[in-house]
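Everything below concerns the one structure shown next.
Any value given below was found using the heavy atoms of this structure, including those in side chains, with hydrogens, waters and symmetry copies removed. Everything numeric here is computed off the predicted structure, so don't read it as measured data.
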Amino acid sequence: GQDFFCGLTFPVGKESCSLIVGGWGGQVVGLSNVDGAAADENQTTVHKVFEENRWYRIRLKVSPAAIVVSIDGEELINLPRGEHQFSIWPQQEPMRQLGIATWYTGAALKDIELRSASN
């Protein structure tokens, strides 16, 4: 496809945020939105080349201290929550509180695990 294959919307306290993987033409990883800025224009922006027809292990951890994202065991984002404000685009509203979407591409899901904060 031509855009994100993982738009994982998740709660951050009383707010929501989305992890975008493969956005903006296929190579952007980041959180949308942090302090009103999209995944391609905030401090979480990372560029990573992705291969088509390949599984990726995506891990998202939200704790009171930080949001941490790793792909295939490589930590790409470690954002202290601090005073940041989190929000989502209107298109992601149907995914609230926890949901996964794609944009201009397709994806498959397997082995989804949810763990409580105590794990």
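- The NZ atom of Lys61 sits 10.0 Å away from the CG atom of Asn78 when rounded to the nearest 0.5 Å.
- Residues Leu79 and Leu19 fall within the same hydrophobic cluster, defined by Ile, Leu, Val, Met, Phe, Trp and Tyr side chains chained together at heavy-atom separations under 4.5 Å.
- For the residue pair Val12 and Cys17, the shortest heavy atom distance occurs at CG2-CB, 3.9 Å.
- For the side-chain contact (heavy atoms from CB on, under 4.5 Å) with Ser32, the lone residue among Phe4, Trp89, Phe86 that qualifies is Trp89.
- Taking Arg57 as the reference, nothing meets the salt bridge (charged side-chain N to carboxylate O under 4.0 Å, His left out) condition, with sequence neighbours excluded.
- Arg81 places a side-chain heavy atom less than 4.5 Å from the side chain of Val62.
- Within the 3.5 Å criterion, the main-chain N or O of Ala39 finds a donor-acceptor partner in the side chain of Thr45.
- No chain of hydrophobic side-chain contacts below 4.5 Å, direct or via other Ile, Leu, Val, Met, Phe, Trp or Tyr residues, connects Trp24 to Phe5.
- With contacts defined as side-chain heavy-atom distances shorter than 4.5 Å, the pair Val46/Val69 does not qualify.
- Listed by chain and number, the residues in a side chain to side chain contact (heavy atoms under 4.5 Å, CB included) with Tyr104 are Asp3 (sequence neighbours excluded).
- Within the 4.5 Å cutoff, no side-chain heavy atoms of Val21 are placed close to those of Tyr56.
- The closest donor-acceptor contact from the side chain of Ser70 to the backbone of Gly73 lies at 3.5 Å or more, if one exists at all.
- Residues Glu15 and Ser87 fail the side-chain proximity criterion, which asks for heavy atoms closer than 4.5 Å.
- Side-chain heavy atoms closer than 4.5 Å link hydrophobic residues (I, L, V, M, F, W, Y) into clusters, and following such links, even through other members, never connects Ile88 to Met95.
- At a threshold of 4.5 Å between side-chain heavy atoms, the hydrophobic network of Ile, Leu, Val, Met, Phe, Trp and Tyr places Ile71 and Leu109 in one connected group.
- Ile100 and Ile77 fall within the same hydrophobic cluster, where Ile, Leu, Val, Met, Phe, Trp and Tyr residues are linked whenever their side-chain heavy atoms come under 4.5 Å apart, directly or through other members.
- For the atom pair CD1 of Ile58 and CG of Leu8, the computed distance is 8.0 Å after rounding to the nearest 0.5 Å.
- When atom types are taken as modelled, the side chain of Asn42 and the backbone of Leu31 share a donor-acceptor pair closer than 3.5 angstrom.
- Looking only at side-chain heavy atoms (C-beta outward), Val28 and His47 come within less than 4.5 Å of each other.
- For the pair Ser18 (side chain) and Ile20 (backbone), a donor-acceptor distance under 3.5 Å is absent.
- The existence of a salt bridge linking Asp72 and Lys48 is excluded, since no basic side-chain nitrogen approaches an acidic carboxylate oxygen closer than 4.0 Å.
- Partner of Thr9 under the side-chain hydrogen bond (donor to acceptor under 3.5 Å, both in side chains) criterion, out of Gln92, Arg96, Glu93: Gln92 alone.
- Expressed to the nearest 0.5 Å, how far CG of Asp111 lies from CH2 of Trp55 amounts to 8.0 Å.
- Taking 4.5 Å as the limit, every side-chain heavy atom of Thr44 sits out of range of all side-chain heavy atoms of Leu76.
- Residue-environment remark: CD (Gln97) exceeds the threshold of 12 foreign heavy atoms within 6.0 Å.
- Taking both residues in full, the closest heavy atoms of Val34 and Gln43 are given as CG1-NE2, 3.9 Å, listed atom of the first, atom of the second, then distance.
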